[in-house]
Engineer: 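Let me begin by handing over the structure; questions about it come next.
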Amino acid sequence: MAFITRQNIRSLSSSAALRAAIKHVTVIGGGLMGAGIAQVAASTGHSVVLVDTSEDILKKSTKGIEASLKRVAKKKFAEKPEDGEAFVQKVLKNISTSTDAVSVVQGTDLVVEAIVENLKVKQDLFGALDKAAPEHTIFASNTSSLPIADIASSTARLDRFGGLHFFNPVPMMKLVEVIKAPATSQQTFDALLEFSKALGKHPVSCKDTPGFIVNRLLVPYMLEAVRLHERGHGSKEDIDVAMKLGAGYPMGPFELLDYVGLDTSKFIIDGWHEKDPDNPLFAPSPLLNKLVAEGKLGKKTAWVRNLLQTQNVNNSPENT
Ligand SMILES: CCCCCCCCCCCCC[C@H](O)CC(=O)SCCNC(=O)CCNC(=O)[C@H](O)C(C)(C)COP(=O)(O)OP(=O)(O)OC[C@H]1O[C@@H](n2cnc3c(N)ncnc32)[C@H](O)[C@@H]1OP(=O)(O)O
Ligand SMILES: NC(=O)c1ccc[n+]([C@@H]2O[C@H](COP(=O)([O-])OP(=O)(O)OC[C@H]3O[C@@H](n4cnc5c(N)ncnc54)[C@H](O)[C@@H]3O)[C@@H](O)[C@H]2O)c1
């Protein structure tokens with residue numbers, strides 16, 4: 001039987017407090033991933049504040065969440081559509097929005113960051129939030145490819161910082177990679193595992209290594225598909241069909257690239273190329289660079305185009 005000391009009572013109670021505490025979640029970034037994370041957290045009874053840089057973006061995010069919730073409700077409440085509508089309204093009530101991350105983190109238990117895949121931008125954000133958030137608040141990044149320890153280095157809460165890597169589309173994909181950086185405390189890691197389970201997801205434990213588990217395998221596969229096509233060894237369509245019918249993947253690599261977003265994919269490989277410049281797999285792709293420069297980002301381009309039209313910012317032909 002273990003002796004109960006003042007110290008382990010303190011650590012047990014703070015561990016329980018961390019676990020019990022995640023009720024209020026701030027999701028930063030209302031794009032593809034942030035909107036999905038906010039939706040799933042709100043659907044599982046968490047109170048969520050979704051933050052982005054403009055009211056217009058937040059309006060689009062909320063509309064996207066409502067549309068996705070309706071798809072979920074249609075299936076879940078097939079027999080009683082009126083219960084489905086009540087479910088959608090109840091979940092939406094759990095979500096509020098803001099353009100001021102620093103002020104909203106003052107009342108939050110967990111921050112999940114899902115902004116652009118750029119180390120400096122993420123560090124700046126967390127550096128500012130660290131000064132405003134309460135002691136107990138856990139910070140987590142949804143980064144696809146950046147080391148969690150590098151992002152956390154702009155804060156003074158290395159023990160309360162981890163990775164929560166969700167998959168796209170968040171409402172459908174069951175996996176969450178929970179990343180324990182060298183300084184992440186066991187309490188924080190456990191709290192993130194518990195939170196993932198509370199969302200109805202299946203967490204796996206990851207070390208803070210490049211690409212964690214999924215992207216360490218997926219990114220080289222997708223890059224190899226692009227290289228295969230660049231060598232003229234297969235059309236995009238044939239490669240997609242081959243991987244769907246031959247390997248049983250739900251989407252081919254080009255379809256998935258389009259779904260993930262070409263900008264995010266470019267950020268990922270540019271970052272890996274910088275770290276491993278002699279690896280030909282990570283060499284820049286002129287085609288990818290051209291498409292991103294033209295604002296052709298894949299499936300989300302339609303979303304961005306709608307947004308620009310709403311804002312009436314730029315309807316020039318190169319943006320259409
Ligand atoms: C040289 C330069 C090249 C650069 C290459 C570098 C590449 C690097 C890229 C790495 C990217 C990493 C990104 C990230 O870190 C990790 C990821 O997220 S990877 C992506 C993981 N996701 C997938 O692999 C998705 C695979 N696809 C699927 O599982 C399915 O296709 C789907 C998305 C679930 C859709 O299913 P389908 O059957 O195809 O289509 P349906 O439309 O019929 O949908 C089925 C069912 O699902 C419901 N549904 C779908 N989406 C949503 C949603 N958003 N919300 C709610 N519900 C949804 C839909 O209603 C259907 O329901 P049903 O009708 O069946 O009741
Ligand atoms: N796209 C994917 O399939 C996928 C999957 C898993 C993880 N991720 C990771 O999730 C993160 C977000 O990816 P995404 O696809 O949702 O990108 P996205 O471009 O769809 O959305 C990013 C959002 O963040 C907002 N934003 C940027 N800077 C901000 C700031 N300082 N404060 C508040 N909001 C800000 C943007 O306005 C945008 O709405 C990235 O780190 C990406 O690597 C992406």
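These numbers come from the heavy atoms of this one structure, side chains and all, not from hydrogens, waters or symmetry mates. Atoms within each ligand, like the ligands themselves, are counted from 1 in listed order.
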Engineer: So, for atom 36 (O) of ligand 1, does the protein have a heavy atom nearer than 4.0 Å?
Structural biologist: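 Not a single protein heavy atom is under 4.0 Å away.
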Engineer: Specify the protein heavy atom at minimum distance from atom 6 (C) of ligand 1: its residue, its atom name, and the distance to 0.1 Å.
Structural biologist: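 In this structure, atom 6 (C) of ligand 1 has Ile269 CG2, 3.8 Å as its nearest protein heavy atom.
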Engineer: Using a strict 4.0 Å cut-off to heavy atoms of Lys122, name the atoms of ligand 2 that fall inside it.
Structural biologist: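 Those of ligand 2 that fall under 4.0 Å from Lys122 are 40 (C), 41 (O).
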Engineer: When you compare the side chain of Asn142 with that of Leu164, does any pair of heavy atoms fall below 4.5 Å?
Structural biologist: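 No, side chains not in contact.
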Engineer: State plainly whether the residues Lys59 and Glu55 are in salt-bridge range, i.e. N to O under 4.0 Å.
Structural biologist: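 Salt bridge flag = no for Glu55 with Lys59.
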Engineer: Where's the contact between Leu256 and ligand 1, heavy-atom distance under 4.0 Å: side chain, backbone, both or neither?
Structural biologist: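 Side chain only.
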Engineer: Is the count of non-hydrogen atoms from other residues, nucleotides or ligands lying under 6.0 Å from Glu82 atom CD greater than 12?
Structural biologist: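 Above 12, so yes.
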Engineer: Can you find a heavy atom in the side chain of Phe126 that is under 4.5 Å from one in the side chain of Val111?
Structural biologist: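 SC-SC contact between Phe126 and Val111 confirmed.
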Engineer: Specify the protein heavy atom at minimum distance from atom 17 (C) of ligand 1: its residue, its atom name, and the distance to 0.1 Å.
Structural biologist: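 Answer for atom 17 (C) of ligand 1: Phe167 CD2, 3.5 Å.
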Engineer: Could you check, using the six-membered ring where one of them is a Trp, whether Tyr249 and Tyr221 have ring centers closer than 6.0 angstrom?
Structural biologist: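 Close enough - the centres of the two rings lie under 6.0 Å apart.
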Engineer: Starting from atom 3 (C) of ligand 1, find the nearest protein heavy-atom neighbour and note its residue, name and distance.
Structural biologist: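 For atom 3 (C) of ligand 1, the nearest protein heavy atom comes out as Val226 CG2, 3.6 Å.
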Engineer: Looking at Leu257, which atoms of ligand 1 are within less than 4.0 Å of one of its heavy atoms?
Structural biologist: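 Per the distance check, 5 (C), 7 (C).
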Engineer: Considering only heavy atoms of Leu218, which atoms of ligand 1 have at least one such atom less than 4.0 Å away?
Structural biologist: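 By the 4.0 Å cutoff, the relevant atoms are 19 (S).
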Engineer: Who's closest to atom 22 (C) of ligand 2 heavy-atom-wise, of Gly29, Ala114, Pro169?
Structural biologist: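 Answer by nearest heavy atom: Ala114.
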Engineer: Give the atom numbers and elements of ligand 2 that come within less than 4.0 Å of a heavy atom of His165.
Structural biologist: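 The atoms of ligand 2 under 4.0 Å from a heavy atom of His165 are 6 (C), 7 (C).
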Engineer: Name the closest protein heavy atom to atom 12 (C) of ligand 1, giving the residue it belongs to and the distance to 0.1 Å.
Structural biologist: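 Ranking protein heavy atoms by distance from atom 12 (C) of ligand 1, first comes Asn215 OD1, 3.4 Å.
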Engineer: Under 4.0 Å from any heavy atom of Gly31, which atoms of ligand 2 are there?
Structural biologist: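 What qualifies from ligand 2 is 16 (O), 20 (O), 21 (O), 23 (C), 39 (O).
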Engineer: Which residues pass the side chain to side chain contact (heavy atoms under 4.5 Å, CB included) test with Glu230, sequence neighbours left out?
Structural biologist: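 Once residues adjacent in sequence are excluded, the partners of Glu230 under the side chain to side chain contact (heavy atoms under 4.5 Å, CB included) criterion are Val226, Arg227, Ser285.
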Engineer: I'd like to know whether Phe161 forms a ring pair (Phe, Tyr, Trp, His ring centres under 6.0 Å) with Phe189, so could you lay out the CA-CA distance, the side-chain angles of the two residues, the decisive distance to 0.1 Å, and finally the verdict.
Structural biologist: CA-CA 9 Å; Phe161 205 118; Phe189 183 67; over 10 Å; no
Engineer: Give me the nearest non-hydrogen protein atom to atom 31 (O) of ligand 1 as residue plus atom name, then the distance to 0.1 Å.
Structural biologist: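 For atom 31 (O) of ligand 1, the nearest protein heavy atom comes out as Met251 CE, 3.6 Å.
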Engineer: Side chains of Ser145 and Glu117 only: does a donor on one sit below 3.5 Å from an acceptor on the other?
Structural biologist: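 Present: a donor and an acceptor within the cut-off.
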Engineer: Have a look at ligand 2 and work out which part of Ile57, if any, has a heavy atom under 4.0 Å from it: side chain, backbone, both or neither.
Structural biologist: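 Side chain only.
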Engineer: Salt bridge or not between Lys90 and Glu85? Use side-chain N to carboxylate O under 4.0 Å.
Structural biologist: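 Judged by the 4.0 Å cut-off on N to carboxylate O distance, Lys90 and Glu85 do not form a salt bridge.
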Engineer: Taking NZ, NE, NH1 and NH2 as the nitrogens, is one of them in Lys236 or Asp240 under 4.0 Å from a carboxylate oxygen of the other?
Structural biologist: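 Between Asp240 and Lys236 there is no salt bridge, as every charged N stays at least 4.0 Å from the carboxylate O atoms.
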Engineer: Taking 4.0 Å as the limit for heavy-atom contacts, which would you say applies to His165 with ligand 1: side chain only, backbone only, both, or neither?
Structural biologist: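 The side chain, only.
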Engineer: Salt bridge between Lys244 and Glu255, side-chain N to carboxylate O under 4.0 Å?
Structural biologist: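 Looking at Glu255 together with Lys244, the answer is yes, because their closest N to O distance falls below 4.0 Å.
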Engineer: To check your reading of the model: name the closest protein heavy atom to atom 55 (N) of ligand 1, its residue, and the distance in Å.
Structural biologist: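 Of every protein heavy atom, Ser68 OG, 2.6 Å lies nearest to atom 55 (N) of ligand 1.
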Engineer: Give yes if a backbone or side-chain nitrogen or oxygen of Ile115 is under 3.5 Å from a nitrogen or oxygen of ligand 2, and no if not.
Structural biologist: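 Yes; at least one N/O pair falls below 3.5 Å.
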Engineer: Out of Phe166, Tyr259, Phe267, indicate the one that has the non-hydrogen atom closest to atom 6 (C) of ligand 2.
Structural biologist: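 Minimum heavy-atom distance to atom 6 (C) of ligand 2 goes to Phe166.
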Engineer: Would you indicate which of Pro171, Gly261, Gly36, Pro250 comes nearest to atom 29 (O) of ligand 1 when only heavy atoms are counted?
Structural biologist: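 The residue whose heavy atom sits nearest atom 29 (O) of ligand 1 is Pro250.
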Engineer: Between Asp130 and Arg157, does any NZ, NE, NH1 or NH2 come within less than 4.0 Å of an OD or OE carboxylate oxygen?
Structural biologist: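 Judged by the 4.0 Å cut-off on N to carboxylate O distance, Arg157 and Asp130 do form a salt bridge.
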Engineer: Looking only at protein heavy atoms, which one is nearest to atom 42 (O) of ligand 1, and what is the separation?
Structural biologist: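 Ranked first by proximity to atom 42 (O) of ligand 1 is Arg71 NH2, 3.4 Å.
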Engineer: Report the member of Gly252, Pro253, Ser144 with the shortest heavy-atom distance to atom 13 (C) of ligand 1.
Structural biologist: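 Looking at heavy atoms only, Ser144 sits closest to atom 13 (C) of ligand 1.
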Engineer: Is Val51 close to ligand 2, meaning an N/O of one under 3.5 Å from an N/O of the other?
Structural biologist: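 Such a contact does not occur with ligand 2.
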Engineer: Can you tell me how far apart CD1 (Ile138) and CZ (Arg160) are? Round to the nearest 0.5 Å.
Structural biologist: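 Going from the CD1 atom of Ile138 to the CZ atom of Arg160 covers 9.0 Å.
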Engineer: Hey, does Met33 come in under 3.5 Å of ligand 2, counting only N/O atoms on both sides?
Structural biologist: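 Indeed, backbone or side chain, Met33 has an N or O that close.
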Engineer: Between the side chains of Asp83 and Lys76, is the shortest nitrogen-to-carboxylate-oxygen separation below 4.0 Å, so that they form an ion pair?
Structural biologist: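 So Lys76 does not pair with Asp83 through a salt bridge.
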Engineer: In terms of atom number and element, which parts of ligand 2 are under 4.0 angstrom from non-hydrogen atoms of Asn168?
Structural biologist: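 It comes down to these atoms of ligand 2: 2 (C), 3 (O).
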Engineer: Do Lys201's NZ or CZ and the ring of Phe166 fall within the cation-pi criteria of under 6.0 Å and 45°?
Structural biologist: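 Here Lys201 fails the 6.0 Å and 45° test against Phe166.
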Engineer: Run the numbers for me: atoms of ligand 1, each under 4.0 Å from some heavy atom of Leu223, listed by number.
Structural biologist: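 By the 4.0 Å cutoff, the relevant atoms are 1 (C), 2 (C), 3 (C), 4 (C), 5 (C).
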Engineer: Check ligand 2 against Ser144 and write out every atom of the ligand that is under 4.0 Å from a heavy-atom position of the residue.
Structural biologist: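 It comes down to these atoms of ligand 2: 6 (C), 7 (C), 8 (N), 9 (C), 42 (C), 43 (O), 44 (C).
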Engineer: Within ligand 1, which atoms have a heavy atom of Pro169 less than 4.0 Å away?
Structural biologist: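 That gives atoms 33 (C), 54 (N) of ligand 1.
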Engineer: Take Lys300 and Asp263 through the salt bridge (Lys or Arg N to Asp or Glu O under 4.0 Å) test and state the conclusion after the steps.
Structural biologist: CA-CA 10 Å; Lys300 75 186 192 186; Asp263 49 347; 3.1 Å; yes
Engineer: Please indicate, with yes or no, if any protein heavy atom is found under 4.0 Å from atom 45 (C) of ligand 1?
Structural biologist: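 Under 4.0 Å from atom 45 (C) of ligand 1, zero protein heavy atoms found.
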Engineer: Go through ligand 1 atom by atom and flag the ones less than 4.0 Å from a non-hydrogen atom of Lys75.
Structural biologist: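 Ligand 1 atoms under the 4.0 Å threshold to Lys75: 62 (O), 63 (P), 66 (O).
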Engineer: What part of Thr264, side chain from CB on, backbone N/CA/C/O, both or neither, has a heavy atom under 4.0 Å from ligand 2?
Structural biologist: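 Side chain only.
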Engineer: Quick one: does Glu117 get an N or O within less than 3.5 Å of an N or O on ligand 2?
Structural biologist: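 Indeed, backbone or side chain, Glu117 has an N or O that close.
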Engineer: List every atom of ligand 1 that sits less than 4.0 Å from any heavy atom of Tyr259, numbering the atoms from 1 in the order shown and giving each element.
Structural biologist: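 Near Tyr259, meaning under 4.0 Å from one of its heavy atoms, ligand 1 has 33 (C).
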Engineer: Might you work through the side-chain contact (heavy atoms from CB on, under 4.5 Å) test for His165 and Val176, ending with a clear yes or no?
Structural biologist: CA-CA 5 Å; His165 185 215; Val176 178; 5.8 Å; no
Engineer: Quick one: does any side-chain atom of Glu113 pair with a main-chain N or O of Ile115 as donor and acceptor, under 3.5 Å?
Structural biologist: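 Answer holds: yes.
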Engineer: Any idea which part of Met173 is under 4.0 Å from ligand 1, heavy-atom wise: side chain, backbone, both or neither?
Structural biologist: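 Contact part for Met173 vs ligand 1: side chain (C-beta onward).
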Engineer: Starting from atom 58 (C) of ligand 1, what is the nearest protein heavy atom, named by residue and atom, and what distance separates them?
Structural biologist: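 That would be Met172 SD, 3.4 Å.
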Engineer: I'd like to know whether ligand 2 has Ala101 as a neighbour, heavy-atom separation below 4.0 Å.
Structural biologist: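 In this structure, Ala101 fails to qualify as a contact of ligand 2 - no heavy atom is under 4.0 Å.
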Engineer: With respect to Asp52, determine whether any N or O atom, backbone or side chain, lies less than 3.5 Å from an N or O atom of ligand 2.
Structural biologist: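 N/O-N/O distance below 3.5 Å exists for this pair.
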Engineer: Name the atoms and distances for all side-chain donor-acceptor pairs under 3.5 Å in residues 65-75, with sequence neighbours left out.
Structural biologist:
| residue | atom | partner | partner atom | Å |
| --- | --- | --- | --- | --- |
| Glu66 | OE2 | Lys70 | NZ | 3.4 |
| Ser68 | OG | Gln39 | OE1 | 2.9 |
| Ser68 | OG | Gln39 | NE2 | 3.0 |

Engineer: Could you tell me whether the side chains of Asn94 and His46 share a donor-acceptor contact shorter than 3.5 Å?
Structural biologist: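 On atom types as modelled, these side chains do not qualify, holding no pair under 3.5 Å.
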Engineer: Just heavy atoms, cut-off under 4.0 Å: does Leu146 contact ligand 2 by side chain, backbone, both, or neither?
Structural biologist: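 The answer is neither; Leu146 stays 4.0 Å or more away.
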